[in-house]
Amino acid sequence: MTAINPVADLSRDGDIAVLTLNSPPVNALSANVRDGLAEGFKQAIADKDAKAIVLICEGRTFIAGADISEFGGAMKGASLHDVQAAMENSPKPVVAAIHGTALGGGLEVALCAHYRVAVPSAKCGLPEVNIGLLPGAGGTQRLPRIAGVEKALEMVTSGQHVPAKECLAMGLIDEIVPEGSLRDGAIAFARKIVAEKRPLVKVRENNAKVEAARGKPEIFQNFRKANARKFRGFMAPEYNIRCIEAAVNQPFEEGLATERKLFGEVMTGPQSAAQRYAFFAERQCNKIPDVPAETPTIPVKKVGVIGAGTMGGGISMNFANAGIPVTIVEVKKDALERGLSVVRKNYENSAKRGRFTMEDVEKRMGLLKGSLNLEDLADCDLIIEAVFERMDIKKDVFAKLDKIAKQGAILASNTSYLNIDEIASATKRPESVIGLHFFSPANVMRLLEIVRGEKTTKTVIATAMQLAKKIGKVGVLVGVCPGFVGNRMLAQRSREAQKMILEGAMPWDVDRVLYDFGFPMGPFAMGDLAGLDIGWVKENSRGETLRDVLCEMDRRGQKTGAGYYDYDENRKATPSPITEKIIKDFMAKAGTNPRTISDEEILERSIFPMINEGAKILEEGKAIRASDIDTVWINGYGWPVYRGGPMYYADQIGLDKVLTKMKAYQAQMGDAFKPAALLEKLVAEKKKFADLR
Ligand code: 3H9
């Protein structure tokens, strides 16, 4: 074995050279790795006794892409394009041996090998689009030459990780070798290639599939049309599509040049910078200063969920999906049965959409056990309460759980607002109590706010963070305060939205501005979707607020066909003259003269108070860092990822601008706009939220 450099080794197994990369955590193509590849291939090609070359990686994965942290700075080390050329032009066969994930630049390297083998658990993909980029090392030109144009379009615009079996079917992988035997399997495959004198396949030369799509611009038009909603606001999907168009319409080298040019444009643009920031922000959330990575965790082998409503059912699905058995407790039999049948229906719908098989549906349902008896939770390692959002009810449940749950079990509340410490005080083990705030629909939304109580132990926190990852959530640790991070900031936006429609803006004006900013919907459309009667009690309603009046008229949102908006039978919304009249009556009663509120004001009043609240959250230590707040907003509230989150956005537009505007609104409209001390301080020091590390 020869060490090429600290991250690459070259060895020989008989007549096969094996170039091994070992650059944790994910063998990303940093300068060192590119140098190792360049020198390694040079030596392997020069080795007269080597008849073929296998490229393989140590650790958890094959190359997972370019080193994202290198972007934006000066590039050092060997050029990736030179490495690829050396591989492709090698006079002896090059075989890429894939385990884990071959992603982005990693797959682009593998596509320059003459053959690819993989273990069954391996996945391949070009996920650059998720960080606002496109594959810049030939991926958009080579992939359609193997997978065909339609599949390539789908892969580059979704970033999906395609399982080995599917890759084999489309020819992206040439052979699957047994799990755990990648090295031996790849060497044996290389020997076979040599023995059979198989050709040195250069993907760039396979033109049949791209030629088949030439002269058919409708392929691209239809694809754009079908995905217009999904791609709205994003730059990168369109740029990826243009590259695939180039693969079809231009010769290979020209296509490469187009790809390189378009890569440069997205790379230097603001969207990719924001999306790369969001990528690292999400991973940063796992780093909790006083809970080190080696903190022991509690094995969670069985989960209990109290409440089989929408929330409880959705929460349970997450665990069943991860293979963890769940006991769901309800008070009434019919509620339990209804809850379980909703879960089954959700699963069956996923199966119908091809996400998994009917067999998987049964497997998951088999992990869910319904019960009417709280005592059935006695052997659970984690119990999550998802009952009605009222402190007395929650405390009652926790007092009971305290008597039933086994020693060491984690007792969690799914409250979205209430004080975890007060809930914990109903037990004799507040150290085991934590908040696990799932977002609706809980089986879909990625965010999990993990709420740390005053006495919650580090072990319980570490377990919750680890579990979040296991069930595919982004766990963000937050502190106890009303509404935690997300809902506390949202309350600012809701207040201003309600105020603005009583000053002259209509609900659809506010919604349009926020939709155009990039949110999937504005606050009023969202209210209609959730139901305006959440927390509304008919008996107590006195027609004092707009919501009271709407609910009293049975305009309770989409489910009743009307709310702020009118809805047709397909739930398509149109601005409602009835709502407009109610609003105008309210204003007349209050003696308010409607004024025109500019789009700029709508946006600033919606977003700046949220940023200000975020600053207070940081001041009070309720979030560890500004990027955690951004992660909450991107994953739980539909903040457009290409704008990086509210705190990142504030840094980009300038905190001085936010402060100046907050002061101006404060002078006009009062202390709802009072700037946070931290905002003032950062501006005085000419710093950003990102500087608070
Ligand atoms: C590209 O390739 C462009 C080319 O087309 C053009 C070239 C000219 N770079 O996610 P995890 C770190 S663009 C740097 O928790 P998992 C990550 O920050 C790239 N660092 O693990 C974390 O660090 P830490 C296209 C990276 O097992 C650690 O690795 N490729 C990179 O849950 C573990 O990450 C992608 O977009 C990177 N590329 O998931 C793939 N990747 O421990 C992005 C990871 O300090 N990566 N890190 O927090 C992923 O999707 C996942 O990390 C992966 C592993 C699935 C690989």
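Indexing begins at 1, ligand by ligand and atom by atom, following the structure's order. What you are looking at is a predicted structure, and each value in this text was computed from that prediction instead of being measured.
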Taking N or O atoms only and a 3.5 Å limit, does Leu80 qualify as a polar contact for ligand 1? no
Sub-6.0 Å ring centroid separation between Phe439 and Tyr637: yes
Is any side-chain heavy atom of His114 less than 4.5 Å from a side-chain heavy atom of Val95? no
Would a 4.0 Å cut-off, counted as strictly less than, catch a protein heavy atom around atom 39 (O) of ligand 1? no
Is there side-chain contact between Ile53 and Phe41, with at least one heavy-atom pair below 4.5 Å? yes
Ring centres under 6.0 Å, that's the criterion: do Tyr649 and Trp633 meet it? no
Looking only at protein heavy atoms, which one is nearest to atom 15 (O) of ligand 1, and how far off is it? Lys469 NZ, 3.4 Å
Side-chain ion pair, Glu282 and Arg446, N-O less than 4.0 Å: yes
Side chain, backbone, both or neither: Arg60 near ligand 1, heavy atoms under 4.0 Å: side chain
Test of understanding: given a 4.0 Å heavy-atom threshold, classify the contact between Pro25 and ligand 1 as side chain, backbone, both, or neither. side chain
From atom 51 (C) of ligand 1, work out which of Arg283, Gln284, Glu70 has a heavy atom at the shortest distance. Arg283
Looking at atom 53 (C) of ligand 1, tell me if a protein heavy atom falls under 4.0 Å from it. no
Decide, yes or no, whether a salt bridge links Lys287 with Asp628 under the criterion of side-chain N to carboxylate O below 4.0 Å. no
Geometry only, no angles: is Glu128 polar-contacting ligand 1 at N/O separations under 3.5 Å? yes
Roughly how far, to the nearest 0.5 Å, is CD1 of Ile173 from CD of Glu166? 10.5 Å
Closest protein heavy atom (residue, atom, distance) for atom 56 (C) of ligand 1: Ala64 CB, 3.5 Å
Where's the contact between Ile131 and ligand 1, heavy-atom distance under 4.0 Å: side chain, backbone, both or neither? side chain
Can you find an N/O atom of Thr101 closer than 3.5 Å to an N/O atom of ligand 1? no
Give the single entry among Lys287, His81, Glu108 that approaches atom 4 (C) of ligand 1 most closely by any heavy atom. Glu108
May I ask you to identify, for Val26, whether its side chain, its backbone, both or neither come under 4.0 Å of ligand 1 on a heavy-atom basis? side chain
Contact (N/O only, under 3.5 Å) between Ile68 and ligand 1: yes
Examine Phe71 against ligand 1 and note whether any of their N/O atoms are separated by less than 3.5 Å. no
Using side-chain hydrogen bond (donor to acceptor under 3.5 Å, both in side chains) as the criterion, point out the one residue from Asn321, Asn443, Asp360 that pairs with Tyr347. Asn321
May I ask you to check if ligand 1 and Pro135 share an N or O to N or O distance below 3.5 Å? no
So that I can tick it off, tell me whether Glu253 and Arg204 are bridged by a salt bridge, with the cut-off set at under 4.0 angstrom between side-chain N and carboxylate O. yes
For the 3.5 Å polar cut-off, considering only N or O atoms, please tell me whether Gly136 and ligand 1 meet it. yes
